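Step one of this worksheet: look at the structure below.
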Amino acid sequence: MSKEDIGITVSKEDDFSEWYTQVVLKAKLADYAPVKGLIVLRPDGYSIWESLRNTFDKKFFKNGIRNGFLPVLIPESLLGKEKKHFAGFNPEVFWVTHSGENEIGDRLALRPTSETLAYTLYSKWIQSWRDLPLKINFWNTALRAEIKATKPFLRTSEFLWQEGHTVHATKEEAEEEVMKILEIYKNTVEDELAIPVVIGKKSEKEKFVGAVYTTTMESIMPDGKALQMGTSHFLGQNFSIPFEVKFADKDNVEHFAWQSSWGVSWRLIGAMIMIHGDNKGLVLPPKVAPIQVVIVPIYNSEETKKIVIPKAREIQEKLSSENIRVHFDDRDELTPGYKFNDWELKGVPIRIEIGPKDIEKQSMMVAKRYNKEKTSIQFDNIKNIVSILDEIQKQMLESAKIQSEKNTRKVDSYSEFKSKISDGGFFNAYWCGNQECEEKIKEETSADIRVIPFDSEDTSGKCMYCQKQSTCKPVFARGY
RNA sequence: GGGAUCGUGGUCUAGCUUGGUAUGAUACUUGCCUGGGGGGCAAGUGGUCGCAGGUUCAAAUCCUGCCGGUCCCA
């Protein structure tokens, strides 16, 4: 193996797909499981998920949401209670048909999503207006048999996610919840993962099967394809009626409740890899990085080693006391050069080099992963590392925003759209609101309506497909 | 759903056409030298050739089925 064959061997620009897979595997985030479409998370990958989970949990809790646990098996009779919902999920359900040697009469689904199971329970738990609102979130996995080619984090037959299920006395309150959650999703993804998103509604065609409407956040990836980053659904009474989730109101009249459900998955990790990674490998935003700062000591003799190591340990202690997640790479058998490349592949936001030359000057070299800048910082100014990490986090979001804007275009005519769609990107274009046009566009260009941004109701234009008066201006794109 | 392609020590790979004890690099272990961008020398460990059948005196190699990966098209 030559030097060029170590690390990532293709460039992000030339072969995006291969680049992505290599980053996932070589940065040791995940590996393939022995079953088609399933992956295994390794600690560096799982840490990112844990970090996101902690952030979401804090925000959910503030919003009065608590966590629960649901089992993975759902009887077919339950899953089929809401007909559209069932029809939508049925093609990709894994079925458990046997327990040991015995065939199971009412076969069991490995949950593709838990609405039906949760609401069966909810109907038992809710009787009075005093029981509302009921807001529970579940951290678990969902299983959907993928026919399409799978890709770690982006499309797998089992994925980690959270699914929240809330029940409210009024329509207004449920809709408010849908929006609150979408807001939490948006600010978490932007603040933690440094990924800009566009929020809005899904079209009727693209909404969650069984929902009244679906709100979504969408991002554009560097290869020009759109990725759905999370959805928050207003379920209305579509589930509360078949599942009899009802309550006696203050006037002692029984009402069906109003519901919301919402989820984000480890897809967010995939998006983070694609958006920020480069030809050296992963680039982690500081807030979710399992290791934020790595210290690489440099020495060329036993004597210098004796000076360098204690100083490096001291720096480690100081950073640690500033609540920075710091790692001291004391592997003696590897050269500094090897370590630099290794930590760059893993995406650690800041690398500190400390060697004899630095100690003479009472300083250390600080290298930023995301822009490869190297600066010397005095030992006395070590607390600056905290603000440098903040700075990196902000700048990563800024540059992601610039990328995203570059990938967003306005088009006036369908011919213009057709000629540009293969370049990828988000396209803002007028639409009449008619599903036929939406389907034709999908058929002819394989692009669909990713999101209809809020406040994009717009009757000032003409549908790019049929030329009738527009109702809104959605974002069209080819998606993952 | 349709098509193409791949699977050989941890990783990458030669060998396969024309069947005969599996090649090289890297990684790993030990020792010495090294050390500011993927170090050097020496010795050593490590392989059910994806799985299961079949053909054959003999299969990594030929045949069939399955499993898994990747890409393209719908």
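So that the names make sense, note that chain A is the first sequence line, chain B the second, and so on, each numbered from 1. Small disclaimer: the values here were computed from a predicted structure and weren't measured.
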Nearest whole angstrom, please: distance from the [atom2] of [N] to the [atom1] of [X].
{"X": "A:Lys151", "N": "B:G68", "atom1": "NZ", "atom2": "P", "result": "17 Å"}
{"X": "A:Trp343", "N": "B:G37", "atom1": "CH2", "atom2": "C1'", "result": "16 Å"}
{"X": "A:Ile147", "N": "B:C73", "atom1": "CD1", "atom2": "C1'", "result": "16 Å"}
{"X": "A:Glu333", "N": "B:C28", "atom1": "CD", "atom2": "P", "result": "8 Å"}
{"X": "A:Asn341", "N": "B:U26", "atom1": "CG", "atom2": "P", "result": "17 Å"}
{"X": "A:Ile295", "N": "B:G36", "atom1": "CD1", "atom2": "P", "result": "19 Å"}
{"X": "A:Lys339", "N": "B:G39", "atom1": "NZ", "atom2": "P", "result": "12 Å"}

Heavy-atom closest pair, residues A:Asp330 and A:Arg313: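 Of all heavy-atom pairs spanning A:Asp330 and A:Arg313, the closest is OD2-NH2, 3.3 Å.
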A:Pro112 and A:Val93: which non-hydrogen atoms are nearest, and at how many Å?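 Of all heavy-atom pairs spanning A:Pro112 and A:Val93, the closest is CG-CG2, 4.0 Å.
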Phosphate OP1/OP2 of B:G36: any A:Tyr299 side-chain N/O under 4.0 Å: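 The answer is no; no side-chain N or O of A:Tyr299 sits under 4.0 Å from OP1 or OP2.
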Going by atom types only, do A:Arg478 and A:Ser446 share a side-chain donor-acceptor pair under 3.5 Å?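 A:Ser446 and A:Arg478 do have a side-chain donor-acceptor pair below 3.5 Å.
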Below 4.5 Å, heavy atoms only, C-beta onward: do A:Asn341 and A:Glu344 meet side chain to side chain? yes
Apply side-chain hydrogen bond (donor to acceptor under 3.5 Å, both in side chains) to A:Lys420 and list each qualifying residue two or more places apart in sequence or on a separate chain. A:Glu416
Here's one to test your reading of the geometry: is the NZ or CZ of A:Arg351 within 45 degrees of the ring axis of A:Trp343 and under 6.0 Å from its centre?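 No.
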Classify every nucleotide of nucleotides 3-8 of chain B by which part a protein heavy atom approaches to under 4.0 Å, writing B for the base, S for the sugar-phosphate alone and - for neither, in 5'-to-3' order. ------
